[in-house]
Structure formats: C-alpha cells, structure tokens
Amino acid sequence: VLGEKFSSVFKKLRGYGKLTEKNIEEAVRDVRLALLEADVNVGVVKSFLEKVKDRALGEVVFQNLNPQSQFLKIVHEELVAVLGGAEKTLILEGKPPHVLLLVGLQGCGKTTTAAKLANYFKKKGRHPYLVPADVARPAAIDQLSTLAQKIGVPCWPTKTEDNPVEIAGQAVDFASRELNDIVLVDTAGRLHIDDELMAELGRLKKKFGNSRTLFVADAMTGQEAVKVARAFHDLLKLDGVILTKQDGDAKGGAALSIQSVAGCPIYFTGMGEGIDALEPFSPERLVSRLLD
Amino acid sequence: LFGPGREVRELIPEIEEKLLSADVGVATTQMLVDALQTASPKTGQEAYGFLKGKVEEILTSTEKIPPNPPLKKGGEGGFPKVIFFVGINGVGKTTTIGKLAHRLKSEGKKVMLVAADTFRAAARDQLGIWAERSQAEFVGGSDNADPASVVFDGCSAAKARKCDVALIDTAGRLQTKTHLMEELKKMVRAASKAAGRLPAVGRLPGAGRPPDEILLILDATTGQNGLNQARVFLDAVPLTGLVLTKYDGTAKGGILVSIVRETGLPLRYVGVGEKIEDLKPFSAHEFVSSLFA
Ligand SMILES: Nc1nc2c(ncn2[C@@H]2O[C@H](COP(=O)(O)OP(=O)(O)OP(=O)(O)O)[C@@H](O)[C@H]2O)c(=O)[nH]1
Ligand SMILES: Nc1nc2c(ncn2[C@@H]2O[C@H](COP(=O)(O)OP(=O)(O)OP(=O)(O)O)[C@@H](O)[C@H]2O)c(=O)[nH]1
Ligand SMILES: [Mg+2]
Ligand SMILES: [Mg+2]
C-alpha cells in the first residue's frame, strides 16, 4: 500500500504524463498571440501551429517541466528549425564570376546591403565588383559609387540613360575580364505587383548563365511579407534572403513568413547603417526575440 | 464575406483574420471584435457597416485638428512655415518632400528644401534633384556637417529668400537609437531658434512656436513596429501629423488604426507611387473601404 502511495506521488511529481490538447491549450493560445504580435503572417501562424501540435501531442512530459513549458520548448526548437537551424554561409565557389542580384521592395536596404556585401567579401580576400543598375531613383548611382569608393571596391560608371539589363551584362563581362570574382548588382526597388518591373528582373536574371538572386527584406515588414516574397520567388526563384534593419526592435516575424514561401536560407542580417553592420543571420537569436 | 443571412457570430473568425491580415494588430482587432459583439448587429451587412463606421470614427476623430497653423502666404510674422519630415530609414521621407514641394508650388507657394540629412551617401544630391524637379529653392550642408546647423541655415535662407514654406529632410533613424533621437530634438530646436521663437537655451518647443509641422512618415508595409515608431518619435518631438507611403503596394496599412487611436495624430497625406505627382490627401473613407475589401 505504501508502495502504491509513493508511486502515485511520484507520478504527480513526474508531471502530467503526456501532452494533450487540453493541457497545452493555453500555451498554444499564447504562442499564437506572440507570433501574430511579432508580425508573422496569419496563415503561416496557423499552419505552423498545426504542424507543431502534431509533433507535440502525445509527447511525454519531461520530469522537470509542465506541459505548457514543454510545449514552448518544442515551439522554440521548431521555429529555429524552420528558419534553417544554424547560421548558413553563402558559399560562392566554382567558375567565376559569381553574379549576385539584389532585389526587393523600395527602401528595404538593397544599395546599402550591396556595399556591405562587397565589403564582407573584400575582407575575406575575394575581389568584388559593384554594379549600380538602379537608374530610376534620384542619385542612386551616386549613392552606390560613393559607398564603393569608401570601401575601395571598383564600381561600374552607370549613367541614368543606361538600360539596367544592358548595363549589368556589360559590367559583368568587364569585371570577369578584370578578374573580379564576385559581381554585386544593385537593382531599383519595385513593387511585386508591378508586372513590367518584375519582368525586367526576369530579363536581368536571364542575362547570366549562373547567378544568385538575393531577396532583401526589411525586418519590420508586416503581414504582406508572404505575398511579396511569394511573388519574387515565383518569378525569380530566390537563392537567398537578407533581412535588414534588425538593429531596431522589430520582432522580425517577417523572417518566418518569407522562409515559408521562399524556402532558401536567410544568409545575412543588416545590423546598422554602417558598412560593417552585416552579420550572419542567427535563427536562434531571432526566435528568442520572437517569443520574448 | 458579409453576405446576408450569415450568423454574425460565425463571421467573427473571418473578421479577425481579415483585420489581422491587414496589420491592424491583435489588440485593436480584439477591441473591434468586442465592440461588434456588444453592438450585436442582426446581419452580416450590419456588422460590416458597424466595423467600417467604428474604424472611420477612429481615423476622422483627429481630422478636426487643422494643420497647425494653417499655411498662409509668407508664413507667420514673415517667417516661412517650417515642416519637418521624420521617420525611420527608407520609409520615403525624401521622396515625399519632393512630392509635397510640387503640390505647394502648384498652389503658388515659394518652397525651400533643406537637406539636413548630412549622414547618408548621396542624400543631399537626392533631395537636390527633387528641388530641381519641383522648382524649389535648395539648401544643403557639407557631408557630415552638423544637421542642426543645416536646419538653422536652411530656415534662415528660406526667410531671406522670402519663401512661404521650408521642408526639412532629416536622416532616417530607428527609434531605438537614443543618440539619434537626441539629434532630432536638437534639429527641431534649431528651427525654432532660426525663427527667433525660443530662447537659445535648450528647451523643447511648447514655449515659443516650434516648427509648424513635424510629420512622421510611415511605410504602409510596416507591421506592429509602426506603433513603437509613433510612440517613441512622439515622445521625442511634438509630431503634428502622419504620412503613409507606398500605399500603391498591396499592404493595407492597418497599423495606422492603432497609431491614430493611441496618438490622435491626423493622417495628412498618402504616398501612392514614386513620381512627383503621387501624393494624395488622406481619405478615411477610402482607407476603410480598402481595409475591408
Ligand atoms: N538601421 C539600419 N538602417 C539600414 C540598414 N540597411 C539599410 N539601412 C538604411 O535604410 C535606408 C534605405 O537603404 P537603401 O540602401 O537606400 O535602400 P534601397 O533598398 O536601396 O532603396 P531603394 O533603392 O529606393 O529601393 C538608408 O537610410 C540606409 O542607411 C540596417 O541594417 N540598419
Ligand atoms: N511605390 C512607392 N515607392 C515610394 C513611395 N514613397 C517613396 N517610395 C520609394 O521608397 C524608396 C525610399 O524613398 P526615400 O525618399 O529615399 O526614403 P527616405 O525615408 O528618405 O530614406 P532614408 O533617407 O534613407 O531614410 C525610394 O525608392 C522611393 O522611390 C510611395 O508612395 N510608393
Ligand atoms: Mg537603392
Ligand atoms: Mg532620405
């Protein structure tokens, strides 16, 4: 009898047995609110929670946890996994030149990021070349060439009357003859619903046998991140994502929304206006902020 | 969605999804849904009408605040009306200035553009091009010059050249950067000093007349962080209004509902494109229709 009494006490101490719909109900609600307040897209939150509940239900609760905190632990792990797990390195090996196209909405940080990337590669002993292919925005060429000069990276002398696709082609030919192995093409910001400008990106991509399209996105983008990323991805097949302005206090839920449709790694994150403010994207760090 | 004969109660999840997808945010969506349940309309049609009315009420409750003060020819006491454009990086401050300059020019005003973003590469040149396009006067400082001194010189030059308005471009700044918010306060004080409205002792406007308008520029694609932006900028400087840019995209700008509800700031203009004429006065009715579309 004493043995039974002890074993029931132990059962209580050992916790609640398994995770059930009932005992994680409140935690699921809290997570949903946290993700929505962090700007994760409504649809993405829904499918993520379904997937996480599928994994969680029936799991045995660990000794030192209660169902709610066990569920939160699982959510944390799943979010990190969805965002790529560990930091991903952008590896550019093989026959040069490696052409990187920076694309995205207006004002997200493409021009600044192009310079930051050039600086990053230069510091690694590579030979980057910058191409201003934004002939629409006032002083955009000026902006990139000023930054290029600052970091000592060569930059194509684009003129506003040039055609972006032509100019990129000429610049890449020139750069490869000059033995620059990485060419970064800065493009004009554009709306995902602007068919003409999206088609221009398609032509730009077609210009090169082998290129990478990097989607630059503002960390504080809201619900629309899914629609935007999907439009860019459907047309161009994105090879990577760079999340900017993460030095602010936006939770960055857009990262999850973008990942859900683009399925390519988030390589870097912009952490300031300075040219050195580029860091490898850390899923762990973003998830901690997301659930904070 | 709001067809007749649908139980209002069963519409709630769809309504929530619609509002959340428009960046209205959790708290404001909850507030609207609670209000809807209290009002308990009989039909979907009534529910729709109720919600639109509620949001429109929030957005128009501030329209009674006139632009302060109203733009007279030559500003007040011979000093040009001063309008600051502030906000985080990349939202469209510089472009909005170009558009507003064009609009004011077409109203017969003499406009001065002041390039007080002395930090970012080619910022001064970018505004210089807008000055050419809108046929406005232009004052810029040297690279990395003290922004407050550019504001002072710009406003003084606007007065000397008998301008009606001076539009001040500022560097983008994340609201979390305290030293940059301090810099902004200094710039605002400099405008007041130029107008001789404040003792030169560093006190925030409230005494003499501050810049006539300080507009916070917000990007329509911004999520919940927009509310933080508004809170912190308002805490730092006496904002007088909001401008929503990039409304020509697909984002609904729902965060605006929370911002207006909390700050009472009026929405002055909406940016609907990248060309000089792409600026419209804000219409609460149109905004609400699009929100529920
Ligand atoms: N704080 C912060 N600011 C950034 C970051 N990346 C870019 N910016 C700033 O964001 C603003 C916009 O950057 P741009 O590089 O001009 O953006 P863009 O995408 O090229 O803009 P468009 O060409 O007009 O579409 C500038 O003020 C940059 O300094 C970042 O990681 N952190
Ligand atoms: N589609 C669209 N683009 C806009 C709108 N307003 C501005 N833009 C674009 O957004 C980008 C950034 O505009 P800027 O005026 O440089 O923004 P900013 O706030 O001055 O940027 P920083 O000074 O770097 O902080 C440019 O490519 C503009 O053409 C708008 O209403 N619609
Ligand atoms: Mg650019
Ligand atoms: Mg600017």
Side-chain angles (χ1 to χ4, degrees), chain A residues 32-34 36-43 45-46 105-112 115 136-150 188-194 217-228 231 244-245 247-254 270 272-273, chain B residues 16-27 29-30 88-95 98 119-130 132-133 143 171-177 180 219-226 228-229 232 245-246 248-255 271 273-274:
Chain A
R32 178 173 180 270
L33 289 180
L36 289 172
E37 285 175 348
D39 291 325
V40 182
N41 176 271
V42 174
V45 172
K46 204 176 201 176
L105 295 176
Q106 292 89 346
C108 60
K110 298 173 293 298
T111 305
T112 310
R137 168 172 154 157
I141 299 163
D142 199 343
Q143 184 184 3
L144 189 61
S145 69
T146 299
L147 293 172
Q149 213 163 35
K150 196 160 170 224
R190 66 203 64 212
L191 295 178
H192 52 302
I193 52 171
D194 187 328
D218 197 320
M220 70 194 83
T221 311
Q223 295 289 313
E224 223 52 20
V226 167
K227 232 185 236 157
V228 177
T244 61
K245 307 177 202 169
D247 45 318
D249 59 0
K251 295 282 174 110
E273 299 187 68
Chain B
E16 281 181 337
E17 180 146 330
K18 193 175 229 2
L19 292 172
L20 290 171
S21 302
D23 287 312
V24 171
V26 170
T29 297
Q30 196 55 55
I88 64 159
N89 309 71
V91 293
K93 300 176 291 300
T94 307
T95 307
F119 170 77
R120 208 208 68 210
R124 181 191 51 242
D125 298 339
Q126 184 186 3
L127 190 70
I129 293 172
W130 283 109
E132 279 171 37
R133 290 180 178 182
D143 288 347
R173 64 202 69 223
L174 296 186
Q175 72 278 18
T176 46
K177 315 250 156 130
L180 293 182
D219 185 327
T221 64
T222 305
Q224 299 310 299
N225 195 258
N228 285 30
Q229 292 170 29
V232 176
T245 61
K246 308 178 196 172
D248 47 315
T250 53
K252 300 282 171 96
I255 189 60
E274 303 190 70

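Throughout, a chain's letter reflects where its sequence line sits, starting with A, and its residues are numbered from 1.
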Asks: Between B:R120, B:E17, B:Q175, who has the most heavy-atom pairs with chain A when the cutoff is under 4.5 Å?
Replies: B:R120
Asks: Holding to side-chain hydrogen bond (donor to acceptor under 3.5 Å, both in side chains), I want the full list of residues that pass it with B:T94, two or more places apart in sequence or in another chain.
Replies: B:D169
Asks: At their closest point, which heavy atom of B:T176 faces which heavy atom of A:G248, and how far apart are they?
Replies: OG1-CA, 3.7 Å
Asks: Using 0.5 Å steps for rounding, measure from the NZ atom of B:K177 to the CD atom of A:E273.
Replies: 6.0 Å
Asks: In Å, rounded to the nearest 0.5 Å, how long is the span from CD1 of B:I255 to CD of A:Q223?
Replies: 10.5 Å
Asks: Does any backbone or side-chain atom of B:I88 lie under 4.5 Å from a heavy atom of chain A? Answer side chain, backbone, both or neither.
Replies: side chain
Asks: Below 4.5 Å, heavy-atom pairs only: which of A:K150, A:E37, A:K227 has the largest tally toward chain B?
Replies: A:E37
Asks: Which one of A:C108, A:G43, A:P138 has the most heavy-atom pairs closer than 4.5 Å to chain B?
Replies: A:P138
Asks: Please report the interatomic distance CG(A:D218) to CG(B:N89), rounded to the nearest 0.5 Å.
Replies: 9.0 Å
Asks: Locate the shortest heavy-atom distance separating B:D23 from A:G222; write the atom from each residue and the value.
Replies: OD1-CA, 3.5 Å
Asks: Quick one: what part of A:I141 sits under 4.5 Å from any heavy atom of chain B, side chain, backbone, both or neither?
Replies: neither
Asks: Using side-chain hydrogen bond (donor to acceptor under 3.5 Å, both in side chains) as the criterion, list what pairs up with A:T146, not counting sequence neighbours.
Replies: A:D142
Asks: First locate atom CD of A:Q106, then atom NZ of B:K246, and finally report the distance between them rounded to the nearest 0.5 Å.
Replies: 6.5 Å
Asks: Using a 6.0 Å cut-off, check whether atom CZ of B:R133 has over 12 heavy atoms from anything other than its own residue.
Replies: yes
Asks: Is chain B contacted by the side chain of A:D194, its backbone, both, or neither, given a heavy-atom distance below 4.5 Å?
Replies: neither
Asks: What is the minimum heavy-atom distance between A:A139 and B:A122, and which atoms define it?
Replies: O-CB, 3.7 Å
Asks: Measure distances from A:K46 to the heavy atoms of chain B and classify the residue's part below 4.5 Å as side chain, backbone, both or neither.
Replies: side chain
Asks: Should A:E224 and B:K252 count as side-chain neighbours, where that means a heavy-atom distance under 4.5 Å?
Replies: no
Asks: Hey, which of A:R137, A:H192, A:K251, A:K245 has the most heavy atom pairs under 4.5 Å with chain B?
Replies: A:R137
Asks: Test A:M220 against every option in B:N225, B:D219, B:T221 by the side chain to side chain contact (heavy atoms under 4.5 Å, CB included) rule and name the one that passes.
Replies: B:N225
Asks: Sort A:N41 into side chain, backbone, both or neither according to what part of it lies under 4.5 angstrom from a heavy atom of chain B.
Replies: neither
Asks: Find the distance between CG (A:L191) and OG1 (B:T250) and round it off to the nearest 0.5 Å.
Replies: 8.0 Å
Asks: So, for B:G223 and A:D39, which heavy atoms are closest and what is the spacing to 0.1 Å?
Replies: CA-OD1, 3.4 Å
